[in-house]
Amino acid sequence: MVAIAIVYFSGQGHTHLMAESLAKGVEATGETAHLLRITGEQIVNGRWQDDAILTTLTAADGIVFGTPTYMGGVAGQFKCFIDAASATWFQQGWKDKVAGGFTHSASPSGDKQGTLLYLAINAAQHGMIWVGNAELPNPETGVNRLGSFMGSMGQSYLDMSGSPANVEPGDLESARLYGQRVVTVAQKIAA
C-alpha cells in the first residue's frame, strides 16, 4: 500500500476541485490519498505553521503539490508553506519520494508552466522524483486539453460570482488520471 499526500492552496475553490479529482484518481487504484489544504490561518507573522501537515507529508510515499497560478507563479500562501518546508529539506525528509504538481488559472496560458516548473524545482531540491503527466491531448474528452506534460493544468474563465463550478470537466478528468499515474510510479518505486 502507498499513500499519496496532496498538499495545496485554493483561493476560489478551482484548485480544490482539481485536488479532489486527483484524490479520486489515487483512491480508484485502491491506495490512500490525503487531502491537505493550506489556509491563510496557518500563516502566523508571515510564517506558515502546521506540524500535522508536515508529519503527514513526511510519512507519505508521494507528494503532489497544488496551487493556483497568480501573476505567473505560485500563490503567496503556498510559497509560505514551501519556505516552511525548508527544515524538512535540511533533514532530507522527502528524499526519494515521488512528487508531482498541478495548477489552475483563469486564462488558457496564465503562465501556468512557470508554476509547474517552480514546483518541480522545489521537488528536485528536496531530492524527490518528479512524475509528469503522460496523457496525450484529447479534443473529444478534453483530457490534457492545455497540453501540459510537466503536471496537471486547469483553466476556467473568470467568473465574477467566484463560483468554482466552472472548472472544465476535461481538466478534472486530467487531474484524476494524473492521480492514477502518480500512484503507478509510487508503487513501482515501493516495490
*Taking all heavy atoms of Phe81 and all of Leu54, pick out the closest pair and write down the distance.*
CE1-CD2, 4.4 Å
_N-O pairing of Asp61 and Lys97 below 4.0 Å_ = no
*Work out which heavy atom in Ile189 is nearest to a heavy atom in Asp96; give both atom names and the distance.*
CG2-O, 4.5 Å
*Expected output: side-chain Thr67 to main-chain Ala75 donor-acceptor under 3.5 Å*: yes
_Gap between atom OG1 of Thr103 and atom CE of Met18 - 0.5 Å precision_ = 7.5 Å
*Do Glu20 and Leu17 touch side chain to side chain, with heavy atoms closer than 4.5 Å?*
yes
*So which heavy atom on Arg181 is nearest to which on Gly132, and how close?*
NE-O, 2.6 Å
*asked:* Between Arg47 and Cys80, is there a side-chain heavy-atom distance shorter than 4.5 Å?
replied: no
*How long is the gap from NE2 on His104 to CG on Asp171, to the nearest 0.5 Å?*
6.5 Å
*Side-chain contact, heavy-atom cut-off 4.5 Å: Gln77 with Ile43?*
yes
_Cluster overlap Phe78 with Tyr118, hydrophobic side-chain contacts below 4.5 Å_ = yes
*asked:* Tell me whether the count of non-hydrogen atoms from other residues, nucleotides or ligands lying under 6.0 Å of CH2 in Trp130 goes above 12.
replied: yes
_With heavy-atom distances below 4.5 Å as the criterion, would you say the side chains of His126 and Gln92 are in contact?_
no
_Gln180 backbone acceptor or donor facing Thr184 side chain under 3.5 Å_ = yes
_From CD (Gln125) to CG (Asn122), nearest 0.5 Å_ = 6.0 Å
*Donor-acceptor contact below 3.5 Å, side chain Lys112 vs main chain Pro108*: yes
*Considering only heavy atoms from C-beta outward, does the side chain of Phe9 approach that of Tyr70 to under 4.5 Å?*
yes
*Is the backbone N or O of Gly127 less than 3.5 Å from a side-chain atom of Trp94, with the two atoms forming a donor-acceptor pair by type?*
no
*Taking Arg37 for the side chain and Ser10 for the main chain, is one N or O donor matched with an acceptor at less than 3.5 Å?*
yes
*For Tyr178 and Gly101, indicate whether the former's side chain and the latter's backbone hold a donor-acceptor pair under 3.5 Å.*
yes
*asked:* Apply side-chain contact (heavy atoms from CB on, under 4.5 Å) to residues Thr39 and Gln42 and explain how you reach the verdict.
replied: CA-CA 6 Å; Thr39 67; Gln42 296 164 333; 3.3 Å; yes
*Can you tell if the side chain of Pro68 reaches within under 4.5 Å of the side chain of Thr15, non-hydrogen atoms only?*
yes
*Straight-line distance of His14 NE2 to Ser105 OG, nearest 0.5 Å*: 10.5 Å
*More than 12 foreign heavy atoms under 6.0 Å from CE of Met1: is that the case here?*
yes
_Single-linkage hydrophobic cluster, 4.5 Å side-chain cutoff, Val167 and Val143 together_ = no
*Are Glu27 and Lys24 ion-paired here, with the side-chain N under 4.0 Å from a carboxylate O?*
no
*Closest approach of His16 and Tyr8, non-hydrogen atoms and distance?*
ND1-OH, 2.6 Å
*asked:* Do Phe149 and Pro137 have side chains that approach each other closer than 4.5 Å (heavy atoms only, starting at C-beta)?
replied: yes
_So, applying side-chain contact (heavy atoms from CB on, under 4.5 Å) with Leu36, which one of Ile6, Ile63, Thr56 is it?_
Thr56
*Can you check whether Ala106's main-chain N or O pairs, donor with acceptor, with Gln155's side chain at less than 3.5 Å?*
yes
_Nearest-0.5 Å distance, OG of residue Ser109 to CG of residue Leu146_ = 9.0 Å
*Main-chain N/O of Thr141 paired to Asn138 side chain as donor or acceptor, under 3.5 Å*: yes
*Honestly curious: do Leu177 and Leu172 fall in one hydrophobic cluster under the side-chain, below-4.5 Å linking rule?*
no
*Quick check: does any side chain N or O of Asn144 sit under 3.5 Å from a backbone N or O of Ser148, one acting as donor and the other as acceptor?*
yes
_Going by side-chain contact (heavy atoms from CB on, under 4.5 Å), Val26 matches just one of Val64, Ile4, Leu35, Val182. Which one?_
Ile4
*Closest contact, heavy atoms only, Ala60 versus Ala5*: CB-CB, 3.8 Å
*Does one side chain, of Thr69 or Thr115, offer a donor that lies under 3.5 Å from an acceptor on the other?*
yes
_Flag side-chain contact, heavy atom, 4.5 Å: Met150 against Leu117_ = yes
*Taking Ser86 for its side chain and Asp83 for its backbone only, find out whether a donor-acceptor pair lies under 3.5 Å.*
yes
*Can you tell me how far OG of Ser152 sits from CZ of Arg176, rounded to the nearest 0.5 angstrom?*
11.5 Å
*Give the minimum heavy-atom separation between Glu41 and Val44, together with the two atoms involved.*
O-CG2, 4.4 Å
